[in-house]
Novice: 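Mind having a look at this structure? Questions to follow.
Labels below follow one simple rule: chain letters A, B, ... track the order of the sequence lines, proteins then strands, and each chain is numbered from 1. Keep in mind that the numbers below use all heavy atoms, side chains included, and drop hydrogens, waters and symmetry copies.
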Protein chains: 2
Amino acid sequence: MTTARRAILRALENSEDHPDALMLHDRAKEFDPTIAQATVYRTMRLLEQEGLVEKHDFGNGRARYEEAEKEQHDHLINLSTGEIIEFHDTDLEALKIEIAKRLGFDLKDHRLELYGVPKE
Amino acid sequence: MTTARRAILRALENSEDHPDALMLHDRAKEFDPTIAQATVYRTMRLLEQEGLVEKHDFGNGRARYEEAEKEQHDHLINLSTGEIIEFHDTDLEALKIEIAKRLGFDLKDHRLELYGVPKE
DNA sequence: TTTGCACTTGATAATCATTCGCAATTATGG
DNA sequence: CCATAATTGCGAATGATTATCAAGTGCAAA
């Protein structure tokens with residue numbers, strides 16, 4: 001456990017949005033001003049492998065991260081603002097597993113993103 | 001409508017898998033040996049904007065394409081082989097729309113990928 | 001507390017998919 | 001056919017991410 005990693009972890013914990021590597025770098029610099037961008041990438045990869053972080057691609061070319069301990073959820077992206085909304089639906093979870101089973105597979109992972117605009 | 005575009009379209013029509021830009025380039029060379037990689041990218045971007053092609057990211061760093069006229073479907077990726085299986089589920093479609101509505105959004109687009117391994 | 005040493009780091013170069021710039025070529029309307 | 005606009009091929013540029021490598025750091029054993 002090093003200074004750099006502590007800084008990145010704190011930056012991540014303080015982030016309610018789903019930051020990308022650049023945002024994390026900026027935020028981590030507050031705790032360790034000399035931290036390098038490469039260290040952020042290395043640490044996020046490490047945390048992802050450890051299962052402590054989830055990496056997402058919301059389609060803007062760079063990966064977004066969030067802590068992984070939370071209960072299972074999916075994302076709705078507000079196309080008007082870019083805001084990311086988390087949601088959970090039990091029926092949906094069950095249906096995903098059911099569909100995979102029907103096709104002859106054990107579901108190992110999945111990814112669902114809804115893209116929408118505010119009603120009316 | 002140029003030679004290059006005809007070659008790319010034919011390559012795409014002949015592809016049942018979900019080819020990436022490199023695969024399309026190789027296949028299109030069969031019809032137009034001098035075609036450039038950049039032309040494939042340009043053409044795919046064009047076709048996507050026209051709504052004739054769908055672009056997917058199955059998590060291997062490069063985009064995969066498929067014709068867009070087909071009926072709505074999602075994808076299940078076989079983690080053991082990389083094979084991509086298309087499926088459609090009416091309940092799932094309805095549920096996506098319903099969830100977006102519940103959150104106050106009109107669903108404009110969505111992306112669902114299931115990753116699984118063959119049962120037992 | 002030192003020391004040893006494996007693990008990290010910062011800086012920078014390398015990679016990989018994709019996009020750009022531009023001169024040369026081709027499609028197309030008249 | 002001709003003129004103009006659109007498209008191509010090539011190679012360079014881009015942007016996110018990863019690799020390299022010498023220097024620095026955490027930490028367990030002495």
Novice: Among dG9(D), dA11(C), dC20(C), which is the nearest nucleotide to the side chain of Ala38(B)?
Specialist: dC20(C)

Novice: Calculate the interatomic distance between Met1(B) atom CE and dT28(C) atom P; express it in whole Å.
Specialist: 8 Å

Novice: Distance criterion of 3.5 Å, no angle test: do you see the side chain of Arg42(B) paired donor-to-acceptor with the base of dG21(C)?
Specialist: yes

Novice: If you measure from the Lys or Arg side-chain nitrogens to the Asp or Glu carboxylate oxygens, is any gap between Asp74(B) and Lys96(A) under 4.0 Å?
Specialist: no

Novice: Is the phosphate of dC20(C) approached by Arg45(B) (side-chain N or O, under 4.0 Å from OP1 or OP2)?
Specialist: yes

Novice: Between dG10(C), dT17(D), dG9(D), spot the one nearest the side chain of Ala36(A), thanks.
Specialist: dG10(C)

Novice: How is Leu22(A) classified with respect to the nucleic acid when contacts are heavy atoms under 4.0 Å: base, sugar-phosphate, or nothing?
Specialist: nothing

Novice: Once hydrogens and angles are ignored, does a donor-acceptor distance under 3.5 Å link the base of dG26(D) to the side chain of Arg5(A)?
Specialist: no

Novice: Less than 3.5 Å apart, any donor N or O on the side chain of Glu86(A) or His18(A) sitting next to an acceptor on the other?
Specialist: yes

Novice: For dG9(D), does either OP1 or OP2 sit under 4.0 Å from a side-chain N or O belonging to Thr34(B)?
Specialist: yes

Novice: Of the nucleotides dG10(C), dT8(C), dA27(C), which has the atom closest to the Thr2(A) side chain?
Specialist: dT8(C)

Novice: Among the candidates dG26(D), dG10(C), dT17(D), find the nucleotide nearest to the side-chain atoms of Thr3(A).
Specialist: dG26(D)

Novice: Separation of Gln49(B) atom CD from dT7(D) atom C1', in whole Å?
Specialist: 15 Å

Novice: Both Asp20(B) and Arg6(B) contact DNA chain C. Taking the nearest nucleotide for each, which residue is further toward the 5' end?
Specialist: Asp20(B)

Novice: Whole angstroms only, please: what is the NE2-C1' distance between His25(A) and dT17(D)?
Specialist: 14 Å

Novice: For the hydrophobic clusters of this structure (ILVMFWY residues joined by side-chain heavy atoms under 4.5 Å, transitively), does one cluster hold both Leu103(A) and Ile77(B)?
Specialist: no

Novice: Starting at CZ of Arg62(A) and ending at P of dT17(D), how long is that distance when rounded to a whole Å?
Specialist: 8 Å

Novice: So which nucleotide from dC22(C), dT18(C), dG10(C) ends up closest to the side chain of Ala21(B)?
Specialist: dT18(C)

Novice: Could you tell me whether Glu16(A) atom CD has more than 12 heavy atoms of other residues or ligands within 6.0 Å of it?
Specialist: no

Novice: Would you mind reading off the distance between Met23(B) atom CE and dA17(C) atom C1', rounded to a whole angstrom?
Specialist: 15 Å

Novice: Can you check the Glu48(B) CD to dA17(C) P distance for me, whole Å?
Specialist: 18 Å

Novice: The side chain of Tyr41(B) lies closest to which of these nucleotides: dT8(D), dT19(C), dA11(C)?
Specialist: dT19(C)

Novice: Looking at every strand, decide which applies to Ala4(B) at a 4.0 Å heavy-atom threshold: base, sugar-phosphate, or nothing.
Specialist: sugar-phosphate

Novice: How long is the line joining CE of Met44(A) and C1' of dT17(D), in whole Å?
Specialist: 14 Å

Novice: Measure from CD on Gln37(B) to P on dA12(D) and round the result to the nearest Å.
Specialist: 16 Å

Novice: Which nucleotide in the list dG10(C), dT19(C), dT18(C) gets nearest to the side chain of Asp32(A)?
Specialist: dG10(C)

Novice: Are side-chain N/O atoms of Glu66(A) and His75(A) paired as donor and acceptor at under 3.5 Å?
Specialist: yes

Novice: Test the Arg10(B)-Phe31(B) pair against the cation-pi criterion, namely NZ or CZ under 6.0 angstrom from the six-membered ring centroid and within 45° of the ring axis.
Specialist: yes

